[in-house]
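Take a look at the structure set out below.
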Amino acid sequence: NQVQQTIKIGNGARFDNGAGDLSSRIIVQDGGTLGTRGNTTHLLRGDVEFQGNSTITLKNMSNFGQAENYELEGKVTQAAGATLNVIGINVGNPLTLANAANDISGTIKLEENAMIQAMHAGSLGSNTAARATIEMDANTRLRLLENTTADFHANLKTNGNALIDVRSAI
């Protein structure tokens with residue numbers, strides 16, 4: 001058995017994932033940033049824990065004009081009171097949350113030109129008592145995908161013209 005590696009991203013630190021497929025557990029501490037590097041969709045299979053206020057960027061840090069995709073397949077955890085800032089440059093390149101057992105109770109704030117895609121009911125949080133808040137700035141997109149009637153356990157707040165896209169799962 002191989003032990004899963006844990007990557008901790010501390011306050012003021014940035015981890016630019018250049019791998020297309022990474023199975024490590026990732027902990028983004030208060031003030032940390034999870035970013036991308038390379039020309040691909042970045043697939044994180046391990047669990048990701050956002051502690052405190054943190055950031056995820058959907059742009060290539062070695063080519064600033066290039067948008068990137070992030071897909072989080074492992075369980076995502078975020079506590080109430082914490083804010084995850086999602087920074088994008090093209091609303092067509094999403095942060096995809098693919099795990100239906102995510103435990104998100106804080107705020108996910110989509111900055112201008114960012115997109116989040118929830119693949120299943122529960123992928124924005126499975127806690128019915130402490131719902132996540134999705135805060136959408138102007139020119140942002142929230143895509144909800146599911147094949148049945150579903151509760152995504154999230155409250156929505158818009159701060160300008162934003163698109164909410166609901167469709168059958170892929």
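- Exactly one residue among Leu163, Asn159, Ile164 makes a side-chain contact (heavy atoms from CB on, under 4.5 Å) with Met136. That residue is Ile164.
- Taking every heavy atom of both residues into account, Arg167 and Leu145 meet most closely at CG-CD2, 3.0 Å.
- Among all heavy-atom pairs drawn from Ala82 and Gly52, the shortest one is CB-O, 3.2 Å.
- Atoms CZ and CG, from Arg141 and Asn139 in turn, are 9.0 Å apart once rounded to the nearest 0.5 Å.
- Contact of the Thr33 side chain with the Thr57 side chain is registered, since non-hydrogen atoms from C-beta on lie closer than 4.5 Å.
- Contact annotation: the side chain of Leu84 approaches that of Ile56 to within less than 4.5 Å [non-hydrogen atoms, C-beta and beyond].
- Interatomic distance, Leu97 CG to Asn99 CG, rounded to the nearest 0.5 Å: 9.0 Å.
- Taking every heavy atom of both residues into account, Ser54 and Gln29 meet most closely at CB-O, 4.1 Å.
- With sequence neighbours excluded, the residues that form a side chain to side chain contact (heavy atoms under 4.5 Å, CB included) with Thr36 are His42, Glu68, Tyr70.
- In this structure, CD1 on Ile134 lies 7.0 Å from CD1 on Ile104, to the nearest 0.5 angstrom.
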What do the steps show when you test Leu43 against Leu22 for side chain to side chain contact (heavy atoms under 4.5 Å, CB included), and what is the final call?
CA-CA 6 Å; Leu43 178 61; Leu22 185 64; over 6 Å; no
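- Within the 4.5 Å cutoff, the side chain of Thr6 has heavy atoms near those of the Ile27 side chain.
- Considering all non-hydrogen atoms of both residues, Ala121 and Ala100 come closest at O-CB, 3.5 Å.
- In terms of heavy atoms, Asn102 sits closest to Val76 at OD1-N, 2.8 Å.
- Phe15 and Val48 fall within a single hydrophobic cluster, where Ile, Leu, Val, Met, Phe, Trp and Tyr are joined by side-chain heavy atoms under 4.5 Å apart, directly or via other members.
- Neither side chain, Glu71 nor Thr96, offers a donor N or O lying under 3.5 Å from an acceptor on the other.
- Within the structure, salt bridge (charged side-chain N to carboxylate O under 4.0 Å, His left out) pairs that include any residue of residues 113-130 do not occur (at least two apart or interchain).
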Contacts table for residues 105-112: side-chain donor-acceptor under 3.5 angstrom, sequence neighbours left out:
residue	atom	partner	partner atom	Å
Ser105	OG	Ala130	O	3.2
Lys109	NZ	Asp137	OD1	3.1
Lys109	NZ	Asp137	OD2	2.7

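- Side chain of Asn90 to main chain of Gly92: a donor-acceptor pair is present (N/O by atom type, distance under 3.5 Å, no hydrogens or angles).
- Put simply, Leu34 and Ile7 are part of the same group of oily side chains (I, L, V, M, F, W, Y) that touch within less than 4.5 Å, one to the next.
- Between the CG atom in Leu58 and the CD1 atom in Ile116 there is a gap of 9.0 Å [rounded to 0.5 Å].
- The side-chain hydrogen bond (donor to acceptor under 3.5 Å, both in side chains) contacts involving residues 73-84 comprise Arg45-Glu73, where partners must be two or more places apart or lie in separate chains.
- Residues Pro94 and Gln117 approach most closely at CB-CB, 4.0 Å, considering heavy atoms.
- Taking the side chain as every heavy atom from C-beta outward, Leu44 and Asn17 approach each other to under 4.5 Å.
- Side-chain N/O atoms of Asn11 and Asp30 include no donor and acceptor closer than 3.5 Å.
- Between the CG atom of Asn113 and the CG atom of Asn93 there is a distance of 10.5 Å, given to the nearest 0.5 Å.
- Each of Val166, Leu124, Leu142 was checked for a side-chain contact (heavy atoms from CB on, under 4.5 Å) with Phe152, and the lone residue meeting it is Leu124.
- Interatomic distance, Met115 CE to Asn69 CG, rounded to the nearest 0.5 Å: 9.0 Å.
- Looking at residues two or more places apart in sequence or on another chain, you find a salt bridge (Lys or Arg N to Asp or Glu O under 4.0 Å) between Arg14 and Asp16.
- Sorted by first and then second residue, the pairs that involve residues 46-56 and meet salt bridge (charged side-chain N to carboxylate O under 4.0 Å, His left out), not counting sequence neighbours, are Arg25-Glu49.
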Show, in sequence, the C-alpha distance, side-chain angles and deciding distance for Gln66 and Lys59, and conclude whether the side chain to side chain contact (heavy atoms under 4.5 Å, CB included) test is met.
CA-CA 6 Å; Gln66 181 178 331; Lys59 59 184 177 179; over 6 Å; no
